[in-house]
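For reference, the structure discussed in these notes is given below.
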Amino acid sequence: MKAVSVQPQTGTRERSTSKNYWKEAKKSLRKHWQLYLLVIPPVLFFILFKYLPMANAVLAFKNYQVTKGIWGSPWVGTKYFDMLFNNPQFWMLIKNTLFLSLYQLAATFPIPIILALLLNEVRSLRFKKAVQLITYAPFFISTVVMVSIIMIFLAPRLGLLNVILNAMGMESTNFLGDPTKFRSVYVWSEVWQTTGYSCVIYLAALAGVDPSLYEAAKVDGASRLQKIIHVDIPGILPAAVIILILSVGNIMSLGFEKVYLMQNPLNLQSSEIISTYVYKIGLLNANYSFATAVGLFNSVINLILLVAVNAVSRRISENSLW
């Protein structure tokens with residue numbers, strides 16, 4: 001008797017799975033159509049202003065001519081990348097961007113966590129709300145106003161800080177004119193402006209910690225410090241890791257507006273970063289292809305850092321973006 005082999009009908013199964021998927025998708029769309037409607041504007045925003053412009057990154061490999069347009073301009077290969085790597089300012093830009101970004105990350109990452117842990121231990125609700133309001137309010141100050149405040153506060157002759165130094169018998173200091181002090185002024189003003197906003201994220205994470213963990217720690221006789229170490233910190237660790245990954249992924253994309261507004265000929269040695277250089281070369285000097293090459297190089301470095309840090313985080317702490 002001849003044996004008959006029965007082969008699984010994979011094609012039929014795949015079609016059945018696909019049909020069930022679309023059936024569930026239609027059902028969800030009918031049930032939650034209001035939520036899908038709310039998602040449409042941000043999705044369109046990212047498609048129109050984030051993803052479609054990525055196609056024009058080919059400008060970095062073309063000799064852009066206005067009359068011919070982006071796609072009609074002649075190809076030049078890696079000419080502008082060679083110009084970038086052979087530029088005497090290249091390593092200065094990399095050094096300034098990395099140093100300022102790492103300095104900012106080292107200051108702005110742990111301070112909101114510390115503030116959130118301290119506020120979580122405060123029993124007076126009124127005092128807690130007052131501190132949150134005071135620390136959160138600077139976040140709503142625009143960059144231009146913020147830089148104006150910094151310039152007035154640190155003015156060499158009539159600035160409040162220099163007036164205090166003079167009253168103490170010390171000489172006035174031109175903080176924004178000294179390249180060695182520019183980075184500290186930038187970073188610690190950023191800490192003052194963003195700490196309250198970042199703290200809210202960690203307070204929300206602390207609010208989601210299981211209360212039974214605090215009760216168990218209390219029964220075991222744990223002190224407040226021990227509760228923070230063994231309950232609070234593990235509770236906010238996933239959120240902290242995600243924020244750290246995103247911060248490292250943007251380490252080469254330092255904010256342009258604030259640095260550019262704080263720049264002057266005296267501090268240019270430490271304040272010239274990649275984003276300000278791209279603006280000056282690309283828009284002011286109309287060298288669009290070279291500026292695109294610099295920006296593309298910057299984006300690729302950010303992508304590599306994001307993927308690498310995410311992989312390391314997933315392997316060490318099992319928390320990651322994907």
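The pair Glu272-Lys280 counts as a salt bridge, with a side-chain nitrogen and a carboxylate oxygen less than 4.0 angstrom apart.
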Given Tyr279 and Tyr260, is the ring-ring contact (aromatic ring centres under 6.0 Å, His included) satisfied, shown in steps? CA-CA 9 Å; Tyr279 170 75; Tyr260 184 73; 5.1 Å; yes
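Not a single donor-acceptor pair under 3.5 Å links the side chain of Asn267 to the backbone N or O of Phe175. A donor-acceptor pair is defined here as one N or O able to donate and one able to accept, closer than 3.5 Å; such a pair exists between the side chain of Arg123 and the backbone of Glu121. A donor-acceptor contact shorter than 3.5 Å links the side chain of Asn264 to the backbone of Leu266. A donor-acceptor contact shorter than 3.5 Å is absent between the side chain of Asp210 and the backbone of Leu213.
Considering every non-hydrogen atom in both Pro179 and Gln269, the closest pair reads CG-OE1, 4.3 Å. Between Leu206 and Ala116, the closest heavy-atom pair is CD1-O, 3.6 Å. Taking every heavy atom of both residues into account, Pro112 and Thr195 meet most closely at CB-O, 4.0 Å. Taking every heavy atom of both residues into account, Asn166 and Glu171 meet most closely at OD1-C, 3.9 Å.
Looking at Leu203 and Cys199, their side chains come closer than 4.5 Å, going by heavy atoms from C-beta outward. Residues Leu37 and Ile40 form a side-chain contact, since some pair of their non-hydrogen atoms from C-beta on lies under 4.5 Å apart. By the 4.5 Å heavy-atom criterion applied to side chains, Lys129 and Leu125 are counted as neighbours.
Counted within 6.0 Å of CZ on Phe256, heavy atoms from surrounding residues, nucleotides or ligands total more than 12; the atom is thus considered enclosed. Within a 6.0 Å sphere centred on OH of Tyr214, heavy atoms belonging to other residues, nucleotides or ligands number more than 12.
Note on Leu303 and Leu246: same hydrophobic cluster, where clusters join Ile, Leu, Val, Met, Phe, Trp and Tyr whose side-chain heavy atoms are under 4.5 Å apart, directly or indirectly. Residues Phe46 and Leu44 are members of separate hydrophobic clusters, defined by side-chain heavy-atom contacts under 4.5 angstrom among Ile, Leu, Val, Met, Phe, Trp and Tyr. Grouping the Ile, Leu, Val, Met, Phe, Trp and Tyr side chains by contacts below 4.5 angstrom, directly or via other members, places Val219 apart from Val231. Hydrophobic clustering of Ile, Leu, Val, Met, Phe, Trp and Tyr side chains at less than 4.5 Å, counting indirect connections, unites Val241 with Ile228. Ile242 and Val200 sit in two unconnected hydrophobic clusters of ILVMFWY residues. Membership requires side-chain heavy atoms under 4.5 Å apart, directly or through other members.
Evaluation of the side-chain hydrogen bond (donor to acceptor under 3.5 Å, both in side chains) test over residues 181-190, restricted to residues two or more places apart or in two chains, returns Asn96-Arg183, Tyr103-Ser184, Tyr103-Trp188, Asp178-Lys181, Ser189-Lys258, Glu190-Lys258. Annotation: side-chain hydrogen bond (donor to acceptor under 3.5 Å, both in side chains) contacts involving residues 31-45, sequence neighbours excluded, comprise Ser28-Tyr36.
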Expected list for residues 73-95: side-chain donor-acceptor pairs under 3.5 angstrom, two or more places apart:
from, atom 1, to, atom 2, distance (Å)
Ser73, OG, Gln65, N, 3.0
Ser73, OG, Gly69, O, 2.5
Tyr80, OH, Asn63, OD1, 3.3
Asn86, ND2, Asp82, O, 3.0
Asn87, OD1, Gln89, N, 2.9
Asn87, ND2, Tyr277, OH, 2.7

When the side chains of residues 135-153 are checked against the rest of the protein, which donor-acceptor pairs come out under 3.5 Å, sequence neighbours left out?
from, atom 1, to, atom 2, distance (Å)
Thr135, OG1, Val131, O, 2.8
Thr135, OG1, Gln132, O, 3.2
Ser142, OG, Val145, N, 3.4
Ser148, OG, Val144, O, 2.9

Residues 286-295, side-chain donor-acceptor partners within the protein, below 3.5 Å, at least two apart:
from, atom 1, to, atom 2, distance (Å)
Ser289, OG, Leu59, O, 3.4
Ser289, OG, Lys62, O, 2.7
Ser289, OG, Tyr64, N, 3.1
Thr292, OG1, Tyr288, O, 2.7

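Asn162 and Thr173 are not linked by any side-chain donor-acceptor pair at a separation below 3.5 angstrom, with hydrogens and angles left out of the test.
In this structure, Leu158 shares a hydrophobic cluster with no other residue, the cluster being traced through Ile, Leu, Val, Met, Phe, Trp and Tyr side chains under 4.5 angstrom apart.
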